Amino acid sequence: MGGSGAVSEHTCAVHARALGELPFEDRQDFEDAARGQIATTDGLVVRDAKGRVVWDMDAYAFIAADAEAPDTVHPSLWRMAQLNNIHGLFEVVPGVYQVRGYDLSNMTLVEGREGVIVIDPLISKECASAALALYRAHRGERRVSAVLYSHSHVDHFGGVKGVVSEQDVRAGKIPIWAPAHFLEHAVTENVLAGTAMGRRASYMFAPGLPRGPRGQVDAGIGKTTSSGSITLIPPTHEVSRTGQEEEIDGVRFVFQLVPDSEAPAEMNFHLPDLRTLCVAENAVNCMHNVLTPRGAIVRDALRWSKYLGEAVELFGEETDTMFAQHHWPHWGKEGVLEHLERHRDMYRYLHDQTLRLANRGLTPTEIAAEVELPPSLARTWACRGHYGTVSHNVRAVYQRYLGFFDGNPAHLDPLPPVQAAQHYVQLAGGIEPLLANVREALERGEYRWAAELCSHAVFAEPDDRYARELHAQALEQLGYQSESAVWRNLYLVGAHELREGPPLTPGRGRRVASTDVAKALSIEQLWDAMGARVDGPRAWDSEIVIAWHFTDVGERWTVSMRHGVLNTLAGRLAENAHATVTLTRVAFDAILLGEGDLGELFAGGAISIEGDGAKLGELLGLLDEGDPAFAIVTP
Ligand SMILES: [Zn+2]
């Protein structure tokens with residue numbers, strides 16, 4: 001055991017085994033990732049209007065193209081980190097271009113009759129604007145003639161205001177196409193559980209961890225998430241069925257609607273005249289997540305697999321080139337079909353084998369220990385677990401069908417972590433003997449066991465710096481051994497926070513999401529989000545009825561608090577309300593986003609209250625703020 005930051009012999013052995021087992025001599029991906037490169041930017045750094053860095057590829061310059069993996073990075077992950085370092089403007093086929101490495105995701109540009117169609121404008125408006133500028137510098141000053149959102153995740157729409165203005169879209173000059181139910185899912189996925197997801201995402205993508213061989217090197221499907229302005233313009237045109245054909249700026253698109261695949265609202269599309277297929281995020285060049293570790297509603301691996309089979313059937317014969325909205329494309333019909341069929345079979349295998357074993361009585365952790373992909377898939381680079389892993393994906397399938405409970409009554413009502421930890425420490429004869437066991441486990445290279453023991457030590461004695469250091473060392477070796485970029489990030493952020501503590505909680509003024517995303521929520525969704533913030537016990541005895549009249553959108557609501565619950569009724573102003581609030585949606589947004597001064601809004605007449613205004617104050621006082629920096633590796 002080499003102490004803080006140093007790599008152990010056991011970790012080196014794991015890396016050596018991977019080097020022996022995996023087909024590192026196969027360099028096709030490096031050829032494909034560089035194929036068609038038109039331009040690149042040395043020292044790529046994107047800043048916002050205030051000069052703050054929101055995207056920094058320069059920080060990854062230590063991942064040299066020809067360098068062997070350092071002993072602190074799994075060689076397969078290092079290889080992916082090298083591939084994801086290849087950035088710039090690329091030709092997919094004449095008329096179709098991609099900007100890669102300007103954010104977590106790709107921006108695809110399809111040249112039309114009049115202008116250029118932008119597919120997926122990245123996470124931040126600053127990155128999207130820089131990507132479009134790179135394209136224009138090499139392909140001419142084409143105007144953006146349409147935008148497509150392939151699916152409802154923020155890395156596929158957040159930068160839209162960097163490529164088009166809302167005014168032009170509203171004026172009908174630029175259509176925005178998206179799959180059915182896009183807006184609903186784009187705004188809800190990050191709202192009800194948004195604070196928890198945001199905190200967990202900071203472990204998964206590790207934007208705050210230093211870049212370097214001992215820190216963050218990659219995120220599996222790209223380098224990391226950019227941190228500029230997240231924007232949203234609601235779509236104007238909807239794709240509602242498979243087989244829907246549209247001509248957009250003179251280019252023929254045939255859509256395949258794939259809801260509940262990698263995202264709740266998602267679509268693939270085929271460009272028949274270019275014999276080119278886009279599979280959105282359903283078949284990237286590594287294994288994806290059936291359940292993302294940041295947390296989400298679990299995805300449907302069975303439907304996901306069937307959609308890929310359907311894509312082969314619908315488009316396979318007329319496809320020579322395939323690209324996705326992360327990673328690099330595939331060229332040649334045979335290679336495209338092989339890629340799609342492998343991904344189809346990978347998700348299906350995870351699904352079917354989980355259920356087979358569950359039906360034999362195996363529980364999630366047992367299934368995770370048992371399932372491995374067939375060698376024909378496991379030895380394919382594009383099926384490696386650089387993002388999703390077999391281990392957490394099979395547990396996700398179990399969760400979808402059978403839930404969090406593994407069926408063993410001993411696990412039905414477990415003690416909470418601190419209580420359990422205190423009992424384990426007592427059982428061990430005190431913190432000293434327990435830590436002696438941890439040290440021995442570290443010596444033997446049993447890091448999972450060391451982490452489990454040490455987590456009990458830290459939860460029982462959170463101020464014991466030595467316990468925290470040993471725990472950090474166990475997590476660090478697990479991070480160095482991880483082939484998955486997100487597992488590495490999770491372990492290394494955990495180690496970092498054990499040593500340095502969690503980040504300071506940002507000041508009050510809670511923001512559920514970006515301004516654009518919040519404004520796109522329906523009033524009902526806003527009430528739902530408010531309901532999930534009610535501090536139950538403090539509200540047990542409150543009885544409040546408030547009527548709300550939104551004059552600009554013509555909506556009437558009655559919101560009542562009883563039994564610690566916020567109930568809402570649309571279309572009615574209750575006669576027995578304690579107070580009636582008359583306001584505009586615009587003013588409501590300003591209050592929720594902390595943008596407006598309440599006094600000024602009242603003085604200016606944007607809000608008025610009839611009846612007992614103190615009741616409104618009482619209601620707002622019962623809302624919890626959430627904690628965007630809550631502790632994870634400590635109690
Ligand atoms: Zn994505």
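The model shown is predicted, which means the values in this text are computed figures rather than measured ones. Order of listing sets the numbers, starting from 1, for every ligand and every atom in it.
Between NE2 of His326 and NE2 of His156, the angle at the Zn ion (ligand 1) works out to 110°, rounded to 10 degrees.
Partner Phe253 forms a ring-ring contact (aromatic ring centres under 6.0 Å, His included) with one of Trp177, Phe269, Phe315 and no other, that one being Phe269. Each of Tyr398, Trp304, Tyr401 was evaluated against His351; a single residue qualifies, Tyr401, per the ring-ring contact (aromatic ring centres under 6.0 Å, His included) test.
Of all N/O/S atoms in Glu281, OE1 sits nearest the Zn ion (ligand 1). In terms of distance to the Zn ion (ligand 1), the nearest N, O or S atom of Asp155 is named OD2.
Because the distance cut-off is set at 2.8 Å, His151 fails to qualify as a neighbour of the Zn ion (ligand 1), as none of its N, O or S atoms comes that close.
For the atom pair CG (Asn282) and CG (Asn268), the distance works out to 5.0 Å, reported to the nearest 0.5 Å.
Tyr203 and Glu497 form a side-chain donor-acceptor contact under 3.5 Å, judged by distance and modelled atom types alone.
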